[in-house]
Amino acid sequence: MTPAAPSKVIGVHINYRSRAEQRGHVPDVPSYFFKPPSSVSADGTPVVRPRGAELLTFEGEIAIVIGTRARGVTPEAGLGHIGWVAPANDFGLYDFRWVDRGSNVFAKGQDGFTPLGTPVPLSEVDPAALVLRTRVNGEVVQEDTTANLIFPFGMLVADLSRLLTLEPGDVILTGTPAGSRPVEPGDVV
């Protein structure tokens, strides 16, 4: 079984301790932003840096994909609503951040700016011991584990489900560790 197409793509701002340390602030509660479903690409299509932009930045992430509808669930029950995990990238244009004023619509919402890898059933992995490794042109530039998440997967599902319904196929990008940076045209992430 494969995930349904997402009705929502939700990103977590800061969720890895290494990223929080890099930014100089460990959040007490998670904060989120939306990306449109049209930002998802699962077929290896190259990400296009728009003309005039120079700061196209990768953020390697682990995506969780909702398997069963979640509304008002507890953190303990949150994991049970996740169907799959997948490698992901949350591309963004730092050039456009000032235009968004925090919304990330232009910086991160462009078509194809959320490449997703092959989903793996959550039942086949230990969600507390996943390794996130990002390579640029073959060189490891990000590496961390879900043991270093500030807000674990089940808690994210519970927190979001307090105020909105998570539907099967919805994607939650669980944050990026330290090490993201701009890439150049032709780089392979």
Side-chain angles (χ1 to χ4, degrees), residues 1-21 25-44 58-92 104 108-109 112-134 142-178 180:
M1 186 171 159
T2 59
S7 65
K8 293 177 273 313
V9 179
I10 303 166
V12 179
H13 280 113
I14 295 179
N15 196 20
Y16 277 89
R17 294 190 188 288
S18 63
R19 181 74 160 182
E21 290 167 7
H25 170 71
V26 177
D28 295 324
V29 295
S31 63
Y32 307 97
F33 58 93
F34 281 103
K35 294 182 78 164
S38 60
S39 73
V40 174
S41 168
D43 61 3
F58 67 84
E59 293 183 3
E61 307 212 10
I62 296 172
I64 54 178
V65 183
I66 299 301
T68 58
R69 192 171 197 258
R71 175 76 175 147
V73 302
T74 64
E76 298 76 26
L79 272 179
H81 291 274
I82 300 169
W84 301 267
V85 295
N89 205 318
D90 177 18
F91 276 102
N104 284 320
K108 292 182 172 246
F113 269 34
T114 312
L116 293 180
T118 303
V120 175
L122 185 69
S123 61
E124 295 180 11
V125 299
D126 178 354
L130 295 174
V131 175
L132 186 153
R133 189 173 296 121
T134 308
Q142 287 183 299
E143 187 165 355
D144 213 328
T145 72
T146 52
N148 293 320
L149 287 174
I150 299 167
F151 310 108
F153 295 166
M155 189 269 176
L156 295 173
V157 171
D159 189 48
L160 287 164
S161 78
R162 289 179 309 122
L163 300 173
L164 55 97
T165 301
L166 298 171
E167 300 289 352
D170 286 351
V171 172
I172 302 170
L173 301 170
T174 61
T176 194
S180 76

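Since the model is a prediction, treat every value here as computed from it, not as a measurement.
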Exercise for review: Considering only NZ, NE, NH1 and NH2 on the basic side and carboxylate oxygens on the acidic side, decide whether D90 and K35 come within less than 4.0 Å.
Suggested key: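 Result for this pair is yes, salt bridge flagged.
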
When you compare the side chain of [Y] with that of [X], does any pair of heavy atoms fall below 4.5 Å?
X    : Y    : answer
V73  : L166 : no
L156 : N15  : yes
F34  : V9   : no
S18  : Q142 : no
P177 : N148 : no
Y16  : T146 : yes
T134 : L132 : yes

Practice item. Determine which pairs satisfy side chain to side chain donor-acceptor pair (under 3.5 Å) with at least one residue from residues 79-89, sequence neighbours left out, and list them in order. Key: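 Counting only pairs at least two positions apart or across chains, the side chain to side chain donor-acceptor pair (under 3.5 Å) contacts touching residues 79-89 are T68-H81.
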
Practice item. If a pair satisfies salt bridge (charged side-chain N to carboxylate O under 4.0 Å, His left out) and one of its residues is in residues 61-88, list it, with sequence neighbours excluded. Key: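 Pairs touching residues 61-88 that pass the test: R69-E167.
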
Could you grab the distance from atom [atom1] of [X] to atom [atom2] of [Y], nearest 0.5 Å is fine?
X    : Y    : atom1 : atom2 : result
Y32  : L173 : OH    : CG    : 12.5 Å
R19  : L149 : CZ    : CG    : 14.0 Å
L130 : I62  : CG    : CD1   : 4.5 Å
D170 : L160 : CG    : CG    : 9.5 Å
I150 : T174 : CD1   : OG1   : 11.5 Å

Provide the closest heavy-atom pair for [X] versus [Y] in the form atom of the first, atom of the second, distance.
X    : Y    : result
G78  : V157 : O-CG1, 3.7 Å
S41  : G112 : CB-CA, 4.0 Å
G169 : P6   : O-CB, 3.1 Å

Review point. For F151, what residues pass the ring pair (Phe, Tyr, Trp, His ring centres under 6.0 Å) criterion, not counting sequence neighbours?
Key: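 In terms of ring pair (Phe, Tyr, Trp, His ring centres under 6.0 Å), with neighbours along the sequence ignored, F151 is linked to no residue.
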
